[in-house]
Amino acid sequence: MNFLIRLFGIYMLFYSGLLHSEQPPSHPLDAYQAACPLNNPQPVQLAECYIDVVDEWRDEVERVYDFVLERKVAQKRFQEAKLIKQAQTNFLAYRKLVATQWQNSCNGSAACQVQLPELELVAQRERYFQLEAYVDCINCFPSYK
């Protein structure tokens with residue numbers, strides 16, 4: 001009986017977590033990413049599509065990074081700008097290290113070659129929203145494209 005009560009409790013925690021979990025913000029590149037598996041059934045084509053989306057996310061991260069730095073300097077928050085620069089440098093070094101290690105462990109596996117761009121997509125998207133959080137005003141960030 002205790003087992004059933006615990007199982008029910010775990011179920012309720014999980015279910016309530018799903019109901020109350022916050023949806024991640026939406027971005028126009030999310031639709032581009034979602035179309036990749038639909039339009040590219042072959043693993044190689046899928047990986048190429050994801051790589052294209054990663055390139056777009058990298059451009060978007062760079063754009064928001066530049067905007068945030070310009071804004072912090074204009075607000076004369078030089079210490080914050082310095083910390084943001086350091087965080088971006090650390091992020092880029094970490095992503096390069098992870099990508100290198102992942103590629104070395106793939107050994108030509110097609111599934112692995114698709115997973116690397118997928119992981120890079122997640123990382124770039126997360127970094128974008130981290131940087132966007134530094135913009136401390138409403139509707140001041142220029143829209144995508």
S.K.: What distance do Tyr65 atom OH and Glu70 atom CD have between them, rounded to the nearest 0.5 Å?
M.R.: 11.0 Å
S.K.: For Tyr128 and His27, take the angle between the two ring planes, folded into 0 to 90°, and tell me which bin it lands in: parallel under 30, tilted 30 to 60, perpendicular over 60.
M.R.: perpendicular
S.K.: Less than 3.5 Å apart, which donor and acceptor atoms pair up between the side chains of residues 35-48 and the rest of the protein, not counting sequence neighbours?
M.R.:
from, atom 1, to, atom 2, distance (Å)
Asn39, ND2, Ala35, O, 3.4
Asn40, ND2, Cys36, O, 3.0

S.K.: Side chains of Val68 and Arg71: does their closest heavy-atom pair fall under 4.5 Å?
M.R.: no
S.K.: Given Gln124 and Val53, is the side chain to side chain contact (heavy atoms under 4.5 Å, CB included) satisfied, shown in steps?
M.R.: CA-CA 10 Å; Gln124 292 294 335; Val53 180; over 6 Å; no
S.K.: Nearest 0.5 Å please: distance from the OH atom of Tyr50 over to the CG atom of Leu121.
M.R.: 7.0 Å
S.K.: Please tabulate, for the side chains in residues 85-96, all donor-acceptor contacts under 3.5 angstrom to protein atoms that are two or more places apart in sequence or on a different chain.
M.R.:
from, atom 1, to, atom 2, distance (Å)
Gln86, NE2, Asn90, OD1, 2.9
Gln88, OE1, Arg127, NE, 2.9
Gln88, OE1, Arg127, NH2, 3.0
Thr89, OG1, Lys85, O, 3.0
Asn90, ND2, Gln86, O, 3.4
Arg95, NE, Glu120, OE1, 3.2
Arg95, NH2, Glu120, OE1, 2.9

S.K.: When rounded to the nearest 0.5 angstrom, what is the spacing between CZ in Arg125 and CG in Leu29?
M.R.: 9.5 Å
S.K.: Between atom CD of Glu56 and atom CD of Glu60, what is the distance when rounded to the nearest 0.5 Å?
M.R.: 8.5 Å
S.K.: Could you state whether Trp57 and Tyr32 fall into the same hydrophobic cluster, counting links through intermediate Ile, Leu, Val, Met, Phe, Trp or Tyr residues with side-chain heavy atoms under 4.5 angstrom apart?
M.R.: yes
S.K.: How long is the span from the CG atom in Leu131 to the CG atom in Leu69, to the nearest 0.5 Å?
M.R.: 8.5 Å
S.K.: For Val73, which fellow cluster members are found when Ile, Leu, Val, Met, Phe, Trp and Tyr are connected by side-chain heavy-atom distances below 4.5 angstrom, either directly or through intermediates?
M.R.: Phe78
